[in-house]
Every structure is written in structure tokens, then in C-alpha cells.
A.B. asks: 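My questions all concern the structure below.
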Amino acid sequence: MEGQLLSLSKVFTEKLFRIPDYQRGYAWTSKQLDEFWNDISSLGEHQNHYYGVITVEEVPEPKLCEWPDDLWIISSKSYSPYYVVDGQQRLTTAIILIQSMLDLLQEEDSLNYTSKAEIRKKFIFERKEATDLNRSYLFGYEKDNPSYNYLKSRIFGEDLPDHALPEETIYTKNLLDARQFFGRSLESLSRSQIEVLYKKITQRMLLTIYTISQDIDVFIAFETMNNRGKRLSNLELLKNRLIYISTKLQEDNFEKEALRARINEGWKSIYHYLGKNKQNPLDDDEFLAIHYSIYFDNKLSHKSVEPYDSFYIQREGYVGRVLLDSIYSIKSLQDSDSGAVPTKSSINEYVTSLKNAVEVWFAQNNPKESALEPDIQYELDRILRVEQHANASMLVLSFFLKESHAEKRIKFLRLLEKRLFIGSFINIRFYNLPSSDREKFTFAKLANDLHNGKISSDDVTKTLSHNVLVDESVKAYLAQAKKAYQKSGYYAWNGLRYFLFEYEMELQSKSKTNRQKLFWPEFVEHKTDYHTIEHIYPQRPRSAEWVESFKHYTSQERTLLRHSLGNLLPLSKCKNSSVGNKPFSHKKGTAGSTVGYRYGSYSEIEVSHIEEWNALEIMKRGIKLLSFLEKRWGIPLGDENSKLEWLGLNGMTIE
């Protein structure tokens, strides 16, 4: 049977399949599911489709003691147990599709003269007797993998023995998404169409099974084979590599097993937090790169990348190459030229650090879903809204890992928000500064030094307290920014939404009701031909009212007025761009209408009280907004005449 083309039905004849601990979980998403469904749907009823290679490893007999629920079927029915080294995504998808078909059947129903009970017995689980609660699942994961309980309870619909809720990770979300995808795809099919589909998936989709011989290292084989198909993330590859290295250490077997269990527990926690917020799953490799950048700064004998660049190296795959080809490479077990030789304690320390960091990483990216104090949640949420917040991710992680005092965390976040906003306003990223200044201001360097004990959290706060606007290199950027705003206005400013949102929050705090009217997710939502920032004096002012109000200005002046800060308004509900061309009297709204500025955000309501919108009102509102900016972030913009220069309106005759 080795190397032959087999149907899925033949593949599942007297075999048990388990996904080993070094494998990643179920990674297929809508793209792969669509392709899979299209392959099946387009397959002729009498055609065969080659589904690929499934590579397996026979489970060593000593490992079978870890399969207590399956020993009976292995010994009594001679089922052969296998680890799936390559092809788990395809097998998992096929099994979920079969289960989705079973979900549509009553217990007495059948497909192609095969009862529901027989199909379940063939592909899902067997039990010793009809009344026996213990089941031997024909396909699944190793026992300690959180995906196994999830597969059994949420996909197969089985009750867990201890009634525990299964853990959720990015991988379990993918399992559920696949089941829902097939549920939607099957609901419009008739019984006869489902029977045809069942025959295709079990009889017409052909696979080749290869068994890895004992002289091939299964860990290396896994990495090689999984370079095909959906690419493994560096974090997924790293787990396999650490487990592999743990087997090669000069330690007693029980120490190796303990370290292997520690690695599995660490990755279990990592993927729990990375996928905890289903609406905002966190990227594997971004987290790995951020952690690498603070953890390994002092631990390598040489560095090919300066610390202040370390956040950006994940874009070129640098982190993966260093971790897999240098720090935790096969060569590193004998050669320490590129770093310390991995040991039991160093691997355990690294895994522990990853495990501790991922909880903080989740909290800083999902503050409202975390257990942090409300004031800290508020400040973190504000940081996430700043355009350049990603540049400081590493510093936030490092600071929170080192400093647990709530008041110090709040002070740090407020200073960081101010620094980020200044960077946004004057269009500067501090890693672009001259090297003499960069050493002082780079967030990555502060994060490195803090994590490695070179400075304290108080030192970080002190550095952030420094007024960067007095430094010559920063002053130059400030002058450049002023010229840019004078020439083009503020509509293209990448920090505009954050600024207008903060001004809205200021108006809200002064209102009698303090009820929120503008919500960040909707405010930053991008839809074709819809906008959430209004040009009060529109970009296409065709109405007579607009023409009359601005007829005294040149074409260049009118363009500058349109994009001037005072003419830009945050909308509580996104509007079609054509609505924005209406006269101001229409935009304000009427007492008999529920649309218009008077029913919108606090900023809209403030503007709705103005009788007529003209260049003078644009100028007055612009000065008001710049005064708020000056006070809120401490950026000196000068007197009213100076603010007119910042608005680019100083050379214009305003009527």
C-alpha cells in the first residue's frame, strides 16, 4: 500500500492519525477553503482528483502509553497508529467536510446506503460498545494540544468528559471557520447532491501515503515538507526546531521530556493569546520579531543590525533567519560562533520569556479585552489610535514587562503618546534622525536597554519627558512641516483622524451629557466613495451658495481653504461624497430632519451653530484647533499671526 494512490476511504482503513506536538495547528483560511471547495465542486462524477501526498511516521511503541483511550483499538482491532508529518491540513479539511455532512443528517439517515453511524465509525470515532462513553478518535491531535478538545467538542459535537470549555487559539478559530464555511456551502444542496459530494470526497479524491523510515529525522523532514503549500510562520517553525534541539541535548531523558513539555505549554499559551480576540488575531511573526528585538540584544556575540532598526527587520525575514539559521540551528549545538550554544536552561529561559511577553503583547494590542486597570486601558487604547504607534510597540512591551506600578505605567503612556503625536505632526520618525540624536530618542534602543538592565523604567520616563522640540535636528523637521502645511493644508496629514478624534473627546468632556457620539472603529473605516472627514467647504462646490461665498478668492486660495484645518470636520456617520457638495444650509440640517451636523458628533454640533460658512469661519476654527493642539501636546505655535502662518492663510485677505 506504500506509495499507492488511495481514496480517503482506503486511507482511513484500520488506521489512527494524530497531529504530533511539533506540528502547527490548522492553518487553512477562506482562500484555501475556497480552492478546496472549487476542486470538489468542479470534479466530474466519474473523475478522480489527485489530492496530494500524506507523509506519516509510525508511532513508536513506547509512545503508545500516552494514548490510553486508543490502546484497546490498537491491540484488539490491530489499528495502526501514525503521526501525520505532512498533509494534516488536507486531512483535517476533508474530515471537517464529512462531519459537516453528518450534521445535516438525522440518526436514521444514510448517504449512499451508508448509515450516519457507519460513516461516523469510519471517519470520526469508534467505541468498544454501543453504550461505552469512551471513544477512540480516528483523527485528531496529541492529547495536550488545545486543538484536540476543540475538534472533539466544537467540530465533532461531542461532550468532553470533564465538561471543560475547550481552549481557543488562532488554530481553533480556523477549525470553526472551516466548519461554518462548509455548513454554508452545504445548506443549499439537495440530499442527492450531498450524496454525490460524499462519494467524491471519500472515493474520488486520491492520496499517496508515504511512511518515513526510522533512519530519517522526522523534525528535519517536517520542516522540508512544510515549505510547500501554506507557508509556515517563523513561530511555527521555531517550535519544531526547539523540540528537535531538546532531543539532541546531553541530558537525561526525563529532563528532555520535561523541556519538551515546557515548550508545548509555552506555545499553547502563545497561540491562546495571539488568537484570543477573534476580531483582532495577532500576527505570529510580528510578535516573534518584537520579542527577539528586546530579548537577544545582549545575548549574541555579534550584531549585523543596529538596535534602533530591530523593529523593521521582520519585513525582510531577518528574525526567522537568525533564530533558525543561527541561534537555534543544528550547527549551533556544536559551534557557538554566531551565538551561545543552546542549553536546557537557555531554551527554558527563552520559552518562559516568550510566554510572559505574549500576555503583555495581547493586553497592549487589546486593552479593553485585558485585565489591566481602566486608566491603563484608556491610555493604551489612545496609543493604538496614534498613526505611529507601531514604532513604539517594542518599548511598551519592554516597559510593561519591567514595570508593574500602575501610576508609573500611566505616566509612561501619556509621555509616549505625546512623543508619538509630535512625530506625526512634524512628520518625523525618530530612527531617521542623525546618529547623534537617534541614540537619545529611538524607542527600540530604549526598549533594548530597559529589558537588558542598562536603564530603569524611571530612566525611560525621564528620556520621554525631554522636550525634543528644543533639539536642532527636530527644529529642522518642525520648520519643514510648517512649510508643508502652508503649501498643501492638513487633509493629507496622516495624524488628522487622531487629532480630530481627540478634539471631539475634548468637546465631549465639556458637554452636559458626556455621551460618546464618535467611535474610533467607524471613524477610521474606509469605504469606496464614502468618507468620515468632511470638507465643510466642499471639494466640488457647484451650488450658488458656495460660489457666492468664495468668489473673491483665486483658484489656489480656494484649494488651500478647502484643505485648511478649520474646514475639516469629523463625521459621526460616514456619508456618500456627493452629500458633501450640498450648501452649508443643507449640511447643517433642519429641525424637521434627523440628518445634518446638528444631529452628529460634538464637532459637527459646534459647527452647526455657525450661521454662514466662509473663509473667516475657516480661519477662526483653524486657529481654535491649533490652540487646542498647542495646549494638549505642548507644541509651541506662537501667537495668532503665527498660527495663521501654520494654516497658510497669513498672506490671504480674509473677508
A.B. asks: Do side-chain atoms of Glu604 reach the backbone of Ser601 as a donor and acceptor pair under 3.5 angstrom?
C.D. replies: yes
A.B. asks: Is it true that Glu617 and Arg621 make a salt bridge, defined as a side-chain N closer than 4.0 Å to a carboxylate O?
C.D. replies: no
A.B. asks: What's the separation between atom CG in Leu478 and atom CD in Glu472, rounded to the nearest 0.5 Å?
C.D. replies: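 The CG atom of Leu478 sits 11.5 Å away from the CD atom of Glu472.
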A.B. asks: For the residue pair Ser424 and Trp493, establish whether any side-chain heavy-atom pair is separated by less than 4.5 Å.
C.D. replies: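 Yes, their side chains come closer than 4.5 Å.
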A.B. asks: Determine yes or no for a side-chain-to-main-chain donor-acceptor pair under 3.5 angstrom, with Glu286 supplying the side chain and Asp283 the backbone.
C.D. replies: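 Side chain of Glu286 to backbone of Asp283, a donor-acceptor pair under 3.5 Å: no, none is there.
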A.B. asks: Between Glu502 and Arg632, does any NZ, NE, NH1 or NH2 come within less than 4.0 Å of an OD or OE carboxylate oxygen?
C.D. replies: yes
A.B. asks: How close do Met394 and Ser293 get, heavy atom to heavy atom, and via which atoms?
C.D. replies: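 Answer, listing the atom of Met394 first, then Ser293: SD-CB, 3.1 Å.
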A.B. asks: Quick check: does any side chain N or O of Asp285 sit under 3.5 Å from a backbone N or O of Asn234, one acting as donor and the other as acceptor?
C.D. replies: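 Checking the backbone N and O of Asn234 against the side chain of Asp285, a donor-acceptor pair under 3.5 Å is found.
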A.B. asks: Hey, does Tyr498 have a side-chain heavy atom less than 4.5 Å from the side chain of Arg382?
C.D. replies: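 They are in side-chain contact.
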A.B. asks: Is there side-chain contact between Ile623 and Leu626, with heavy atoms separated by less than 4.5 Å?
C.D. replies: no
A.B. asks: Give the ring-plane orientation class for Tyr271 versus Tyr171, where under 30° counts as parallel, over 60° as perpendicular and anything between as tilted.
C.D. replies: tilted
A.B. asks: Would a distance-only check, ignoring hydrogens and angles, find a side-chain to backbone donor-acceptor pair under 3.5 Å from Ser404 to Phe400?
C.D. replies: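 Answer holds: no.
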A.B. asks: Just wondering, are more than 12 heavy atoms of other shown residues or ligands nearer than 6.0 Å to NZ in Lys402?
C.D. replies: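 Counting neighbours around NZ of Lys402, more than 12 heavy atoms of other residues, nucleotides or ligands fall under 6.0 Å, so yes.
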A.B. asks: Measure the shortest side-chain to side-chain distance between Gln516 and Gln508 over non-hydrogen atoms and say whether it is less than 4.5 angstrom.
C.D. replies: yes
A.B. asks: Parallel, tilted or perpendicular: which describes the rings of Phe501 and Trp520, with under 30° parallel and over 60° perpendicular?
C.D. replies: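 Perpendicular, since the angle between the ring planes exceeds 60°.
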A.B. asks: So do the side chains of Leu450 and Leu401 get within less than 4.5 Å of each other, counting heavy atoms only?
C.D. replies: no
A.B. asks: Check whether Asp471 reaches the backbone of Ser473 with its side chain - one donor and one acceptor, N or O, closer than 3.5 Å.
C.D. replies: no
A.B. asks: Looking at Leu469 and Gly634, what are the two nearest heavy atoms and their distance?
C.D. replies: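 Looking at all heavy atoms of both residues, the shortest contact is CD1-O, 4.0 Å.
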A.B. asks: Considering only NZ, NE, NH1 and NH2 on the basic side and carboxylate oxygens on the acidic side, decide whether Glu504 and Lys517 come within less than 4.0 Å.
C.D. replies: no
A.B. asks: Rounded to the nearest 0.5 Å, what separates atom OG in Ser549 from atom OH in Tyr537?
C.D. replies: 9.0 Å
A.B. asks: Flag yes if more than 12 heavy atoms outside Lys355 fall under 6.0 Å of its NZ atom; otherwise flag no.
C.D. replies: yes
A.B. asks: Would you call Glu417 and Arg414 a salt bridge, using N to O less than 4.0 angstrom?
C.D. replies: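 Not counted as a salt bridge, because no side-chain N and carboxylate O are separated by less than 4.0 Å.
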A.B. asks: Between Arg385 and Asp381, does any NZ, NE, NH1 or NH2 come within less than 4.0 Å of an OD or OE carboxylate oxygen?
C.D. replies: yes
A.B. asks: Taking side chain as C-beta onward, heavy atoms only, is Leu274 less than 4.5 Å from Thr169?
C.D. replies: no
A.B. asks: May I ask you to say whether Glu403 pairs ionically with Lys411, meaning some side-chain N is under 4.0 Å from a carboxylate O?
C.D. replies: no
A.B. asks: State, to 0.1 Å, how close Leu647 and Gly622 come at their nearest heavy-atom pair, and which atoms those are.
C.D. replies: CD1-C, 3.8 Å
A.B. asks: Quick one: side chains of residues 485-492, donor-acceptor pairs under 3.5 Å with protein atoms, not counting sequence neighbours, listed by atom name and distance.
C.D. replies:
residue : atom : partner : partner atom : Å
Tyr485  : OH   : Phe425  : O            : 2.6
Gln486  : NE2  : Glu645  : O            : 2.9
Tyr490  : OH   : Trp646  : O            : 2.8

A.B. asks: Would you call Asp375-Arg409 a salt bridge at under 4.0 Å N-O?
C.D. replies: no
A.B. asks: Which heavy atom of Ala615 sits nearest a heavy atom of Tyr553, and at what distance?
C.D. replies: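 Distance-wise, the nearest heavy atoms are CB-OH, 3.3 Å.
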A.B. asks: Is it true that the side chains of Ser393 and Trp361 contain a donor and an acceptor less than 3.5 Å apart?
C.D. replies: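 Absent: no donor and acceptor within the cut-off.
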A.B. asks: Please check if the number of heavy atoms outside Glu35 that lie under 6.0 Å from its CD is greater than 12.
C.D. replies: yes
A.B. asks: Is there a donor-acceptor pair closer than 3.5 Å between any side-chain N or O of Ser608 and the backbone N or O of Ile605?
C.D. replies: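 Judged by distance alone, yes, a pair lies under 3.5 Å.
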A.B. asks: Can you name the residues that form a side-chain contact (heavy atoms from CB on, under 4.5 Å) with Asn366, not counting sequence neighbours?
C.D. replies: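 Listed in chain order: Asn277, Asn280, Leu282, Phe362, Glu369.
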A.B. asks: Using only atom types and a distance under 3.5 Å, with no angle test, would you say the side chain of Gln193 pairs donor to acceptor with the backbone of Ser190?
C.D. replies: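 Here the side-chain-to-backbone pair exists.
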A.B. asks: Are any side-chain N or O atoms of Arg419 and backbone N or O atoms of His466, one a donor and one an acceptor, separated by less than 3.5 Å?
C.D. replies: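 Such a contact is found between Arg419 side chain and His466 backbone.
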A.B. asks: Can you measure from CD (Gln180) to OG (Ser30) and round to the nearest 0.5 angstrom?
C.D. replies: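 So the gap between those two atoms works out to 12.5 Å.
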A.B. asks: Would you check if there is a donor-acceptor pair between the side chains of Thr513 and Tyr602 at a distance under 3.5 Å?
C.D. replies: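 Indeed, the side chains of Tyr602 and Thr513 share at least one donor-acceptor pair under 3.5 Å.
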A.B. asks: Nearest 0.5 angstrom please: Lys482 NZ to Ser642 OG, how far?
C.D. replies: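 With rounding to 0.5 Å, NZ (Lys482) is 4.0 Å from OG (Ser642).
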A.B. asks: Assess, by modelled atom type and distance only, whether the side chains of Trp613 and Asn567 contain a donor and an acceptor separated by less than 3.5 Å.
C.D. replies: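 Judged by distance alone, the side chains do pair up.
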A.B. asks: Kindly indicate whether the side chain of Lys368, heavy atoms from C-beta on, has any atom under 4.5 Å from the side chain of Leu380.
C.D. replies: no
A.B. asks: Rounded to the nearest 0.5 Å, what separation is found between the CZ atom of Phe287 and the CD1 atom of Ile270?
C.D. replies: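 The CZ atom of Phe287 sits 5.5 Å away from the CD1 atom of Ile270.
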A.B. asks: Establish, from distance only, whether the side-chain atoms of Thr532 and Glu522 form a donor-acceptor pair under 3.5 Å.
C.D. replies: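 Their side chains do not contain a donor-acceptor pair, so the 3.5 Å distance test is not met.
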A.B. asks: Indicate yes or no: at least one non-hydrogen side-chain atom of Leu416 is less than 4.5 angstrom from one of Phe443.
C.D. replies: yes
A.B. asks: Thinking salt bridges, do Lys643 and Glu630 make one under a 4.0 Å N-O criterion?
C.D. replies: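 Glu630 and Lys643: salt-bridged.
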A.B. asks: Check this for me: does any side-chain nitrogen of one of Lys587 and Glu534 sit under 4.0 Å from a carboxylate oxygen of the other?
C.D. replies: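 Salt bridge: yes.
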A.B. asks: Inspect the contact between Asp177 and Lys173 and indicate whether a charged nitrogen and a carboxylate oxygen are less than 4.0 angstrom apart.
C.D. replies: yes
A.B. asks: Enter the distance from Lys408:NZ to Leu413:CG here, rounded to the nearest 0.5 Å.
C.D. replies: 14.0 Å
A.B. asks: Could you verify whether a donor N or O on one side chain and an acceptor N or O on the other, from Tyr26 and Thr93, lie under 3.5 Å apart?
C.D. replies: yes
A.B. asks: Can any side-chain N or O of His535 pair as donor or acceptor with the backbone N or O of Leu568 at less than 3.5 Å?
C.D. replies: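 Flag not set: sc His535 to bb Leu568 has no pair under 3.5 Å.
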A.B. asks: Are there over 12 heavy-atom neighbours, none belonging to Glu640, within less than 6.0 Å of that residue's CD?
C.D. replies: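 No, because the 6.0 Å sphere around CD of Glu640 holds 12 heavy atoms or fewer from other groups.
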A.B. asks: So which atom in Leu33 and which in Ala178 form the shortest heavy-atom distance, rounded to 0.1 Å?
C.D. replies: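 Looks like CD1-CA, 3.7 Å.
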A.B. asks: Please confirm whether the backbone N or O of Leu561 pairs with a side-chain atom of Ser564, one donor and one acceptor, at under 3.5 Å?
C.D. replies: no
A.B. asks: Does the gap between the ring centers of Trp633 and Phe628 come in under 6.0 Å?
C.D. replies: yes
A.B. asks: For residues Leu565 and Leu625, report the shortest heavy-atom separation together with the two atoms involved.
C.D. replies: O-CD1, 3.6 Å
